[in-house]
Every structure is written in C-alpha cells, then in structure tokens.
Amino acid sequence: MTITERIDNITRIPPEFRCAQPPAPKSVKIEISPRCNYRCGFCALRTREVQPKWDMDFRLFQRITREMREAGVEEIGVFYLGESFMNPRLLVDCIAWTKQELGFPYVFLTSNASMAFPEAVEACMQAGLDSLKWSVNAADEAQFEQIMGVSGKLFHRALDNIRAAHGLRAAGGFKTGLYASSIRYDGEQQLRMEALLREKVLPWVDSHYWLPLYSMGAFATQREEQLGYRPTAGNQGRIGALREPLPCWSAFTEGHVTAEGRLSACCFDATAHWTMGDLNEKPFMTAWHSENFTRLRAAHLKKDVRGTVCENCIAYD
C-alpha cells in the first residue's frame, strides 16, 4: 500500500465509522515531544502561550499503546504536532515498543528533518520504523527564514539529513519507507518549490505528495495573512483527495493524543481546546466513546457544529 493510499484510507470515513460512537480508529498519532525547533508562521504550535520543555512519559506511552492495540488500532504515528527528533532516545524507545513488543503493523513518523541526524535515523530504522516522511515547505534559505522563523542553516541541514537517510537505508538494508510532502502554493512560489524538490528531495525519497496550507484549526490566521498565503478550510486531507469539511474525519477515523496524555478531537489541537478525555485517568476506548466526544460527533454527522468546540473552525465559515 502506498503512503497516499494509507492517508486516503484515514481521511475517508467508511460507513461503519459514521456514527457517534465508532469503532477504535485504525490510526492514532501520539505526541512524543510537544517541542519544536521551528517557528512556522502557519503552525498551531504558535498559539501556545508557553512552549513546553518536557516530553511524554514513556510509561504512559506504553500503557495507552497497549490499550490501543488491544482495541484494534493498527497504525501508530510517533508524532502529533511537535518534532519527535527533539528527543531521539524516547522516539527510538517508542518505536521499538510499538513494533517489537506490541506488534503494530505500521508505525510512522513525520519530521522537519533538521534534527534527524544520521545516528538517530539509523536507530529508528533499526527499531522497525515503517515510514519516515519529511515536511519540506520552503524553496530557499531566505524563504525558510521568513516562514519557519529560524536560521537558514537549518534549511541546509534538513536537506543534508534527507539525503543521508536514503544512504543509511540502503547501507543497512532497512525497510523504512522514505517520503516527503510539501505545501502547494501557486504561481512563482510553486515553480520554485518544484525546482528545489527535483534537485534536493525527490532523488532521496520513494514518493512525494502535496498538501494544502491548512488553517490549523482556525489559529495562526493573522500570521498566515502576513506571509501572504491563504489557508484552506480546516484539514481536508491531501491535494488529489480532498474531503468535505463536515463531518471532519479527524473526529472519526484517527486518534490524536497530546504529550500530557489528553485525547483530542482535532488534528491541530495545540492548546487542549478539543480535549475529549484524559488518558491519565481513563482507558483509551472510554475516552474515545466519552459523552463529550459522542455529542461532538453527532453534531458533525448533522453537519451543524454550532455551539460545539468546532464552531469557530475556518472550515465552517
């Protein structure tokens, strides 16, 4: 199965999931680290008043992933909003636990690549990581500094790490899929992005796909306007297989867990605004079928989210 087929299988809500209490999601993303070394203007992380300096407790990760596997979850994303390579030791331990101890069929990771040093990437591959996808969203150093808000040195470091990962996989005979995604802009910016990808990214990945500029749950819109890029409505999936905004697949087919252990209904929840249950206090499936989550899904199915935590999402304006 290709990476885009996997993505489409999650963003497509099948009939058996179109109910207020659906089965366990096939996929769950877990925030290994809520920290990130980028300051992207379009990212929901920028809405946090205080950026965290801690990471997920490994014992909590072990417990909730065991519950997820027993419930029927098949795919674990060892990331959510933060950059998981901020804590490479924890990342490798989480991959090894989910693959070697719990036997999850598919463990995947998205990274900005700047902290994905060869030693850490090799350890992830050895632990059994199935998919490593790079986010590449700037065409040159100057634009990188403008959009990502950090030193242009990281732009070149990220590209070096992308190339190095390809060599590591070949040398070690690892089976980790290597992929990349990029935000699709338009006009001259699109041509610049395509030129960068042809030279610096596509030779070192198995496939690449395009994403719209997400609104990040209606947050960061002021910064998006300053940068001159217009966000799409909510998270409608990838370009080529965009979904209708209501009902939002994020609340039905994929779980999202913050580093604190909170189950969120939104794939862009950096502020715990969409918390549906605290996994420190209750099992995963209890939170998945909580009263709050059940009511929210019912509103989505009616395509009327007025009065819910989703009311102000740009997708419904």
Requested in this report: For the residue pair Leu102 and Arg66, establish whether any side-chain heavy-atom pair is separated by less than 4.5 Å.
Outcome: yes
Query raised in the report: Do Gln143 and Gln189 have side-chain N/O donor and acceptor atoms under 3.5 Å apart?
Result: yes
**Report entry** Polar side-chain atom of Ser290 near backbone of Phe293 as donor-acceptor pair, under 3.5 Å
**Finding:** yes
Report task. For residues Phe108 and Lys29, determine if any side-chain heavy atom of one lies less than 4.5 Å from a side-chain heavy atom of the other. Result -> yes
Query - Proximity of Phe144 and Tyr38 rings by center, below 6.0 Å - result: yes
Query raised in the report: Nearest 0.5 Å, what's the CD-CD1 distance between Gln190 and Ile183?
Result: 11.0 Å
Report task. State, without any angle test, whether Ser181 and His208 hold a side-chain donor-acceptor pair at a distance under 3.5 Å. Result -> no
Query - Donor-acceptor pair between Gln21 and Thr294 side chains, under 3.5 angstrom - result: yes
Report task. Answer whether the closest heavy-atom distance between the side chains of Ile76 and Met68 falls below 4.5 Å. Result -> yes
Requested in this report: Kindly indicate, with the supporting measurements, whether the criterion salt bridge (Lys or Arg N to Asp or Glu O under 4.0 Å) is fulfilled by Asp269 and Arg262.
Outcome: CA-CA 10 Å; Asp269 188 6; Arg262 293 170 178 166; over 6 Å; no
Query raised in the report: Knowing that exactly one of His156, Lys153, Gln146 qualifies, which makes a side-chain hydrogen bond (donor to acceptor under 3.5 Å, both in side chains) with Glu141?
Result: His156
Query - Lys/Arg-Asp/Glu bridge criterion (N-O < 4.0 Å) met for Arg306, Asp304 - result: yes
Query raised in the report: Within the distance-only criterion (no hydrogens, no angle test), does the side chain of Arg69 pair as donor or acceptor with the backbone N or O of Val73 below 3.5 angstrom?
Result: yes
Report task. Determine whether His256 and Val28 make a side-chain contact, defined as any pair of heavy atoms from C-beta on separated by less than 4.5 Å. Result -> no
Query raised in the report: Taking C-beta and beyond as the side chain, do Pro118 and Asn161 meet within less than 4.5 Å on heavy atoms?
Result: yes
Query - Between Ser114 and Asn37: side-chain donor-acceptor atoms closer than 3.5 Å - result: yes
Report task. With side-chain contact (heavy atoms from CB on, under 4.5 Å) as the test, would you mind laying out the steps for Arg157 and Met115 before giving the verdict? Result -> CA-CA 8 Å; Arg157 181 196 292 175; Met115 299 293 291; 3.9 Å; yes
Query raised in the report: With a 4.5 Å limit on heavy-atom distance, are the side chains of Cys310 and Leu296 in contact?
Result: yes
Query - Spacing of Thr286 atom OG1 and Glu281 atom CD [to the nearest 0.5 Å] - result: 12.0 Å
Report task. Taking atom types as modelled, find out whether Glu83 and Ser33 have a side-chain donor-acceptor pair closer than 3.5 angstrom. Result -> no
Query raised in the report: Looking only at atom types and distance, does a side-chain atom of Arg35 sit under 3.5 Å from a main-chain N or O of Gly82, one as donor and one as acceptor?
Result: no
Query raised in the report: Counting heavy atoms not belonging to Glu16, are there more than 12 under 6.0 Å from its CD?
Result: yes
Query raised in the report: What do the steps show when you test Glu199 against Leu196 for side-chain contact (heavy atoms from CB on, under 4.5 Å), and what is the final call?
Result: CA-CA 5 Å; Glu199 180 181 357; Leu196 170 81; over 6 Å; no
**Report entry** Student check: side-chain heavy atoms of Leu263 and Thr275 closer than 4.5 Å
**Finding:** no
Query - Check: Ser84 side chain, Ile32 main-chain N or O, donor-acceptor pair, under 3.5 Å - result: no
Query raised in the report: Would you find a donor on one side and an acceptor on the other, under 3.5 Å apart, between the side chain of Glu5 and the backbone of Thr2?
Result: yes
Query raised in the report: Any chance the side chains of Thr65 and Trp97 put a donor and an acceptor closer than 3.5 Å?
Result: yes
Query raised in the report: When you look at NZ of Lys200, are more than 12 heavy atoms from neighbouring residues, nucleotides or ligands closer to it than 6.0 Å?
Result: no
Query - Distance (rounded to the nearest 0.5 Å) between Arg59 CZ and Ile64 CD1 - result: 13.5 Å
Query - Six-ring centre of Trp249, Arg297 cation under 6.0 angstrom, axis tolerance 45° - result: no
Query raised in the report: How close do Val205 and His166 get, heavy atom to heavy atom, and via which atoms?
Result: N-CD2, 4.4 Å
Query raised in the report: Would Asn137 and Ser135 count as having a side-chain donor-acceptor pair, cut-off 3.5 Å?
Result: no
Query raised in the report: Are any non-hydrogen side-chain atoms of Leu91 and Leu109 less than 4.5 angstrom apart?
Result: yes
Query raised in the report: Counting only heavy atoms not in Arg6, do more than 12 fall under 6.0 Å of its CZ?
Result: yes
Report task. Under the side-chain contact (heavy atoms from CB on, under 4.5 Å) rule, what do His300 and Phe252 come out as? Steps first, then yes or no, please. Result -> CA-CA 10 Å; His300 274 254; Phe252 291 81; 3.8 Å; yes
Report task. List the steps and the verdict of side-chain contact (heavy atoms from CB on, under 4.5 Å) for Arg18 and Leu301. Result -> CA-CA 7 Å; Arg18 289 181 176 267; Leu301 290 168; 4.2 Å; yes
Query raised in the report: Just how far is it from atom SG of Cys36 to atom CE of Met86, taken to the nearest 0.5 Å?
Result: 7.0 Å
